[in-house]
2 protein chains.
Amino acid sequence: MSKPELDDTDRHILRVLQTDARMPNTELADEIGLTPAPTLRRVRRLEEEGIISRYVALLDPKQVGRDLMVFVRVTLDKQTKQGFETFAEQMRGRPEVLECYLCLGDTDYQLKVCVADLDAYQRFLVDVLAAIPGVRNTASTIAVKQEKYTTSLALE
Amino acid sequence: MSKPELDDTDRHILRVLQTDARMPNTELADEIGLTPAPTLRRVRRLEEEGIISRYVALLDPKQVGRDLMVFVRVTLDKQTKQGFETFAEQMRGRPEVLECYLCLGDTDYQLKVCVADLDAYQRFLVDVLAAIPGVRNTASTIAVKQEKYTTSLALE
DNA sequence: GATGAAAATTAACCTGA
DNA sequence: TCAGGTTAATTTTCATC
């Protein structure tokens with residue numbers, strides 16, 4: 001918590017680590033123009049404050065056979081707090097659902113789902129989504145080709 | 001290229017590194033039940049084959065002031081190869097566009113856009129998207145709350 | 001920001017199925 | 001022969017000054 005004061009050096013660190021989370025601290029220090037000790041202190045502070053939430057390895061979906069990405073817009077029958085929490089809870093428990101957002105407008109939830117193929121997606125739609133009480137309608141947009149993918153947030 | 005043969009140990013490694021990319025090799029070795037040397041050899045192989053595409057730090061969007069996530073469906077005027085490539089190229093050059101997919105159905109492109117606030121989003125819509133020749137229509141779904149976010153692909 | 005002890009990485013070599 | 005284990009030199013981390 002406290003003040004998420006980020007100076008230029010912090011942003012520089014974040015920019016680098018968003019691209020290469022495994023860069024050794026010595027090299028990172030070199031890159032941002034400090035010595036290793038203060039660099040490490042800054043990184044630890046960014047971690048402790050939760051500005052860096054975690055470090056992950058990104059896999060090539062094709063090579064692990066998870067090549068089909070689908071964006072799903074879901075509307076629920078009744079907009080009760082209960083129904084919403086149940087739905088979100090179900091999504092958290094499904095490994096093929098990578099992202100789930102509560103939304104404004106016609107769409108109640110926007111999902112990003114990653115599965116092996118259309119067959120697996122059809123099963124997700126029928127056995128998982130349609131089986132959740134309160135789901136009124138779903139609209140799926142099937143991705144054919146990934147033109148861009150990054151997890152890196154631009155820090156002006 | 002070659003054969004992306006993954007055995008149970010490989011999948012175990014990938015599962016762990018997708019959750020914590022910075023786990024020391026010694027600890028990873030312990031976790032998967034091998035000694036450090038063969039563990040490291042497997043990790044290097046997964047990196048070289050591109051199965052692990054990269055290691056990244058994930059930031060908390062709130063704490064870096066990029067709190068507004070928007071999913072945009074875009075349709076283009078003419079479905080010419082030229083027009084599509086131009087559009088994709090523009091998206092690759094825009095830091096607020098985190099993801100861009102060519103899609104089946106009514107939607108030509110599905111975007112995931114991350115900006116600071118509605119004001120910044122409006123500027124993106126008007127100055128960037130609408131300014132690209134061939135963009136016929138856009139439909140934005142504004143995310144209010146992130147219920148789930150992971151980059152981790154389930155490896156059965 | 002510098003120093004040095006402790007830990008992790010990694011290459012070279014060994015072993016057994 | 002191939003995957004895993006062992007060892008030891010190098011590099012990195014990180015607490016203390």
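All figures in this text were calculated on a predicted structure; none of them were measured in a lab.
To the nearest angstrom, C1' of C:dT9 lies 13 Å from CG of B:Leu28. We find that CZ of B:Arg42 is positioned 15 Å from P of D:dC2, with the value rounded to whole Å. In this structure, B:Glu5 atom CD and D:dC2 atom C1' are separated by 15 Å, rounded to whole Å.
Near DNA chain D, meaning a heavy atom under 4.0 Å from it, residues 10-19 of chain A has no residue at all.
Take A:Arg54 and apply the salt bridge (charged side-chain N to carboxylate O under 4.0 Å, His left out) test, not counting sequence neighbours, and it matches no residue. Judged as a ring pair (Phe, Tyr, Trp, His ring centres under 6.0 Å), and not counting sequence neighbours, the contacts of A:Phe71 are B:Tyr101. Among residues two or more places apart in sequence or in another chain, the salt bridge (charged side-chain N to carboxylate O under 4.0 Å, His left out) test is passed with A:Lys62 by none. Take A:Asp10 and apply the salt bridge (charged side-chain N to carboxylate O under 4.0 Å, His left out) test, not counting sequence neighbours, and it matches A:Arg42, A:Arg45. Residues meeting the salt bridge (charged side-chain N to carboxylate O under 4.0 Å, His left out) test with B:Asp127, sequence neighbours left out: none. A search for side-chain contact (heavy atoms from CB on, under 4.5 Å) contacts involving B:Thr19 returns nothing, not counting sequence neighbours.
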Throw together a table of side-chain donor-acceptor distances under 3.5 angstrom for residues 128-143 of chain B, partners on residues two or more places apart or in other chains.
from: B:Arg136; atom 1: NE; to: B:Asp77; atom 2: OD1; distance (Å): 3.1
from: B:Arg136; atom 1: NH2; to: B:Asp77; atom 2: O; distance (Å): 3.4
from: B:Ser140; atom 1: OG; to: B:Tyr121; atom 2: OH; distance (Å): 2.6

Could you tabulate the donor-acceptor pairs under 3.5 Å formed by side-chain atoms of residues 80-90 of chain B, not counting sequence neighbours?
from: B:Thr80; atom 1: OG1; to: B:Gly83; atom 2: N; distance (Å): 3.0
from: B:Thr86; atom 1: OG1; to: B:Gln82; atom 2: O; distance (Å): 2.9
from: B:Glu89; atom 1: OE1; to: B:Arg92; atom 2: NH1; distance (Å): 2.5

Nucleotide N/O of nucleotides 14-17 of chain C paired with protein N/O under 3.5 Å:
none

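No side-chain heavy atom of A:Asp60 sits less than 4.5 Å from a side-chain heavy atom of B:Ile51.
Sorted by first and then second residue, the salt bridge (charged side-chain N to carboxylate O under 4.0 Å, His left out) pairs involving residues 109-119 of chain A (not counting sequence neighbours) are A:Glu99-A:Lys112, A:Lys112-B:Glu99, A:Asp119-A:Arg123.
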Using a 4.0 Å heavy-atom cut-off to protein, can you give one letter per nucleotide of nucleotides 5-17 of chain D, 5' to 3': B if the base is in contact, S if only the sugar-phosphate is, - if neither?
BB------SB---
